[in-house]
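Remarks on the structure that follows.
Values reported hereafter were calculated over all heavy atoms of this structure, with side chains retained and with hydrogens, waters and symmetry mates removed. Please read these numbers as outputs of a predicted model, since none were measured by experiment.
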Number of protein chains: 2
Amino acid sequence: MSGRAEQIVDAARALIDEGGAATLTMRALGERLGIRAPSLYKHFPDKGAVEAEVITLAMRELAGALAPAAGDLSELAAAYRAYALAHPHLYRLMNSGPLPRHLLAPGVEEAAALPLMHVAGGDTDRARALWAFAHGMVILELDGRFPPGADLDSAWRTGLAAFAGPGQPPTY
Amino acid sequence: MSGRAEQIVDAARALIDEGGAATLTMRALGERLGIRAPSLYKHFPDKGAVEAEVITLAMRELAGALAPAAGDLSELAAAYRAYALAHPHLYRLMNSGPLPRHLLAPGVEEAAALPLMHVAGGDTDRARALWAFAHGMVILELDGRFPPGADLDSAWRTGLAAFAGPGQPPTY
DNA sequence: GTCTATACCCGGATAGAC
DNA sequence: GTCTATCCGGGTATAGAC
């Protein structure tokens, strides 16, 4: 609320973006802001509350990155992957592990999923399958699970072609 | 090598299976075996080495669980999901985050991926896309990312149908 | 709102005796 | 191969002064 809280969240976002979720400690966060860790507790009840704000922020960022590509499946997929590769730690933070839903700004989770839902033509099964494919591709890439020389563009195309196939006509 | 090392790995596996990777601490591991934590270092150089053995174990387990279903796409998918749901923590351990490849028994990673590769008809793009889909579905389910009432069986069917579609004839 | 001081807990790992 | 004793580092969070 007060400008200070936003500064804290921004610093926390930067910390995670640069070094991963584990890098976010109250001490490091304080140091980045030029204050001591205990002072942070005047603005947030605990670390979880700060982290939740960063998740909210990241989900809005992702939604913003996907919006321009809404409507076209391969563009959307490219935008999704591009965000994940540009901000792997933030991507992981918001898409892995348990989600503190009660601490998130209402609607952000849905907003981030909307473009995907839309491109699936309102078919929830297709939307979920597509989401799983996209998330799977991204997280396996981030985790270095594909072989070194693997042509992931090609794998993406293959997968997207499958989903654009029967029962769901392409966009053109 | 000595029977003791296997006991340690088994205990570590049980610990993770029950409570997740974070539950594996050298103290907890020792306690489970009725010895003190420092004694473990007579058998393993560090915690990472123990963990790597558990990953190797889990990958062999997964491969064993998939083998009977090899050949049929939907059976294979069902077996994959079933293992993940039965052992969510082990699944996560071996399929999330960086993999200490140099500490794994050679070939296990490939062995676990073989059935999937086979069902994709040797098409690496298709195999990778399929793997991404399956892993995505499983990990999103484990992380509670789908809406509470979501019909995941249906989403699985939709996704599998897409992958069984054009360019890759069904098995019958 | 910030500070210092500190409590508290937990982890991995080592030294050296037996 | 197991023990005890211990080091060392790191984290979250609180109390109370300013």
Separation of [N] [atom2] from [X] [atom1] (nearest whole Å):
| X | N | atom1 | atom2 | value |
| --- | --- | --- | --- | --- |
| B:E51 | C:dG11 | CD | P | 14 Å |
| A:Q7 | C:dT2 | CD | C1' | 14 Å |
| B:H43 | C:dA13 | NE2 | C1' | 16 Å |
| B:E31 | D:dT4 | CD | P | 13 Å |
| B:L33 | D:dC3 | CG | C1' | 15 Å |
| A:K42 | D:dT14 | NZ | P | 11 Å |

When you check the phosphate oxygens OP1 and OP2 of C:dG1, does a side-chain N or O of A:R36 lie under 4.0 Å from one of them?
->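 Checking C:dG1 against A:R36, no side-chain N or O comes under 4.0 Å of OP1 or OP2.
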Has A:S39 got a side-chain N or O lying under 4.0 Å from the OP1 or OP2 atom of C:dG1?
->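 Answer no for this pair, as no side-chain N or O of A:S39 is under 4.0 Å from OP1 or OP2.
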Answer yes or no: is there an ion pair linking A:R81 with A:D153, defined by an N-O contact shorter than 4.0 Å?
-> yes
Salt-bridge test for A:R128 and B:D151: reply yes if a basic N is under 4.0 Å from a carboxylate O, no otherwise.
-> no
Return yes when atom CD of B:E31 has more than 12 non-hydrogen atoms of other residues, nucleotides or ligands closer than 6.0 Å, and no otherwise.
->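 Atom CD in B:E31 is not packed in, count stays at 12 or less.
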Applying side chain to side chain donor-acceptor pair (under 3.5 Å), name anything that partners A:R101, two or more places apart in sequence or on another chain.
->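 For A:R101, the residues satisfying side chain to side chain donor-acceptor pair (under 3.5 Å) (neighbours in sequence not counted) are A:E109.
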Relative to the ring of A:F133, is the ring of A:F163 parallel (under 30°), tilted (30 to 60°) or perpendicular (over 60°)?
-> tilted
Can you list the residues that meet the salt bridge (charged side-chain N to carboxylate O under 4.0 Å, His left out) rule with A:E53, with sequence neighbours excluded?
->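 Testing A:E53 for salt bridge (charged side-chain N to carboxylate O under 4.0 Å, His left out), a comparison that skips the adjacent residues, returns none.
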Assign A:G34 to base, sugar-phosphate, or nothing according to its heavy-atom contacts below 4.0 angstrom with the strands shown.
->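 A:G34: backbone/sugar contact only, no base atoms under 4.0 Å.
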Can you name the atoms? Protein N/O to nucleotides 9-13 of chain D N/O, anything below 3.5 Å, with the distance.
| from | atom 1 | to | atom 2 | distance (Å) |
| --- | --- | --- | --- | --- |
| D:dG11 | N7 | A:R27 | NH2 | 2.3 |
| D:dT12 | OP1 | A:K47 | NZ | 3.3 |
| D:dT12 | OP2 | A:M26 | N | 2.9 |
| D:dT12 | O4 | A:R27 | NH2 | 3.3 |
| D:dA13 | OP2 | A:Y41 | OH | 3.1 |
| D:dA13 | OP2 | A:K47 | N | 3.0 |

